[in-house]
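See structure below.
Protein chains get the first letters and strands the later ones, always in sequence-line order, with residue 1 at the start of each. Note that this is a predicted model, so its numbers are computed, not measured.
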Protein chains: 2
Amino acid sequence: MLITIDPASPQPLADQVAASVRAALASGLAAPGDRLPSARNVAATLGINLHTVLRGYQQLRDEGLVELRRGRTAVITEGADRLRLRLAEAAEEYARAALHAGATEEEALAAARQALLTMRD
Amino acid sequence: MLITIDPASPQPLADQVAASVRAALASGLAAPGDRLPSARNVAATLGINLHTVLRGYQQLRDEGLVELRRGRTAVITEGADRLRLRLAEAAEEYARAALHAGATEEEALAAARQALLTMRD
DNA sequence: CAACTGTTTGCTTTTGACTATAACACTGCA
DNA sequence: TGCAGTGTTATAGTCAAAAGCAAACAGTTG
């Protein structure tokens with residue numbers, strides 16, 4: 001289970017840590033029951049602060065993807081369904097593109113609905 | 001051509017200015033050849049700084065949506081209609097990904113809606 | 001017990017967004 | 001031509017969020 005970041009990216013480091021774990025989960029590189037490396041370990045490896053890593057881990061906990069308890073490393077929960085994650089990732093990417101194209105929420109949803117309909121035939 | 005912002009949003013004001021223009025463009029409210037209000041005017045109306053508005057305008061220039069020259073107000077370029085095409089393309093790509101991930105139409109729309117909502121902030 | 005884990009607290013440093021002010025160079029129009 | 005209005009550039013200050021630093025705490029594991 002490898003966690004990587006890009007210090008040059010404007011995205012907050014903690015978000016990148018969480019995104020890195022989500023990506024591993026979505027690609028099947030990590031599965032429920034697996035454990036994440038310890039926050040201190042990740043912090044030392046990446047050359048960032050312990051708090052920053054933990055903030056990323058806590059994002060994942062808030063999303064129900066991992067379970068955190070002191071004394072133990074983070075564990076990937078059973079409910080971390082790969083397909084749903086992939087769907088959420090695709091939706092996130094689409095939302096970003098739609099908003100950047102200047103679409104309102106309604107317009108973006110309408111465009112998605114039409115694309116889904118024409119694709120089902 | 002109206003430009004609006006939400007001071008309570010965590011999104012940078014300059015980005016909001018640019019997004020507001022893109023939205024007008026995507027919805028057909030603004031068309032190629034139209035001119036944007038002067039940056040000083042917008043800044044005074046919205047109660048924000050001239051630089052902030054200009055930074056938003058420069059984003060649009062970098063995207064090729066408007067043309068900026070000193071002495072004249074910004075002009076919407078001819079190729080600026082392609083934003084709508086981009087939305088349709090993005091929607092099609094998302095639909096393909098969602099169906100491939102095994103999502104139903106309702107699930108795909110729900111995922112898109114949530115992504116749009118969480119991204120609004 | 002010993003060595004690890006996440007948790008919490010308090011503080012400092014850094015970074016970026018935004019503001020403020022001013023001068024500059026170009027355009028459009030009376 | 002004169003002049004008001006435009007975007008451009010430069011410099012500096014303010015503020016909040018992100019990130020870092022340090023230390024103690026409270027669990028788990030072997």
What is the separation between atom [atom1] on [X] and atom [atom2] on [N], rounded to the nearest whole Å?
| X | N | atom1 | atom2 | result |
| --- | --- | --- | --- | --- |
| B:Leu50 | D:dG7 | CG | P | 8 Å |
| A:Leu13 | D:dA17 | CG | P | 17 Å |
| B:Leu36 | D:dG7 | CG | P | 9 Å |
| A:Asp6 | D:dA18 | CG | P | 18 Å |

Problem set entry | Pair B:Glu67 + B:Arg72: basic N to acidic O under 4.0 Å |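 So B:Glu67 does not pair with B:Arg72 through a salt bridge.
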Exercise. Along DNA chain C, 5' to 3', what are the outermost nucleotides having an atom less than 4.0 Å from a heavy atom of chain A?
Worked result: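 Result: C:dT5 to C:dG10.
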Problem set entry | Exercise: identify the closest heavy-atom pair between B:Leu87 and A:Glu107 |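 Heavy-atom minimum between the residues: CD2-O, 4.3 Å.
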Check whether [X] reaches the backbone of [Y] with its side chain - one donor and one acceptor, N or O, closer than 3.5 Å.
| X | Y | value |
| --- | --- | --- |
| A:Asp34 | A:Ala31 | yes |
| B:Ser20 | B:Thr4 | yes |
| B:Tyr94 | A:Ala115 | no |
| A:Gln16 | A:Asp6 | yes |

Do the non-hydrogen side-chain atoms of [X] and [Y] ever get within less than 4.5 Å of each other?
| X | Y | answer |
| --- | --- | --- |
| B:Leu46 | B:Ile3 | yes |
| A:Leu13 | A:Arg55 | no |
| B:Glu63 | A:His100 | yes |

Problem set entry | B:Glu93 atom CD, neighbour heavy-atom count above 12 within 6.0 Å |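 At most 12 heavy atoms, drawn from other residues, nucleotides or ligands, come within 6.0 Å of this atom.
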For this session: State whether the distance check finds a donor on one side and an acceptor on the other, under 3.5 Å, for side chain A:His51 versus base D:dA18.
Result: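 A donor-acceptor contact between them is absent.
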Problem set entry | Toward the 5' end of DNA chain D, by each residue's nearest nucleotide, A:Asn49 or A:Arg70 |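 First, find each residue's nearest nucleotide; the 5'-ward one identifies A:Asn49.
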Problem set entry | 5'-most by nearest nucleotide on DNA chain C - B:Gly47 or A:Gly71 |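 Nearest-nucleotide comparison on DNA chain C picks A:Gly71.
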Exercise. Out of D:dT6, D:dA10, D:dA18, which nucleotide sits closest to the side chain of A:Pro12?
Worked result: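 Given the options D:dT6, D:dA10, D:dA18, the side chain of A:Pro12 is closest to D:dA18.
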For this session: Compute the angle between the rotation axes at the two ends of the helix from C:dC1-D:dG30 to C:dA30-D:dT1, each taken over five pairs, rounded to 10 degrees.
Result: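 Between the first-five-pair axis and the last-five-pair axis there is 30°.
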Problem set entry | Identified side-chain contact (heavy atoms from CB on, under 4.5 Å) counterpart of A:Tyr57 within the set A:Val66, A:Leu36, A:Leu65 |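 With A:Tyr57 as partner, A:Val66, A:Leu36, A:Leu65 yield a single side-chain contact (heavy atoms from CB on, under 4.5 Å), made by A:Leu36.
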Exercise. Among residues 52-66 of chain B, which residues get a heavy atom nearer than 4.0 Å to DNA chain D?
Worked result: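 Those residues are B:Leu54, B:Gln58, B:Arg61.
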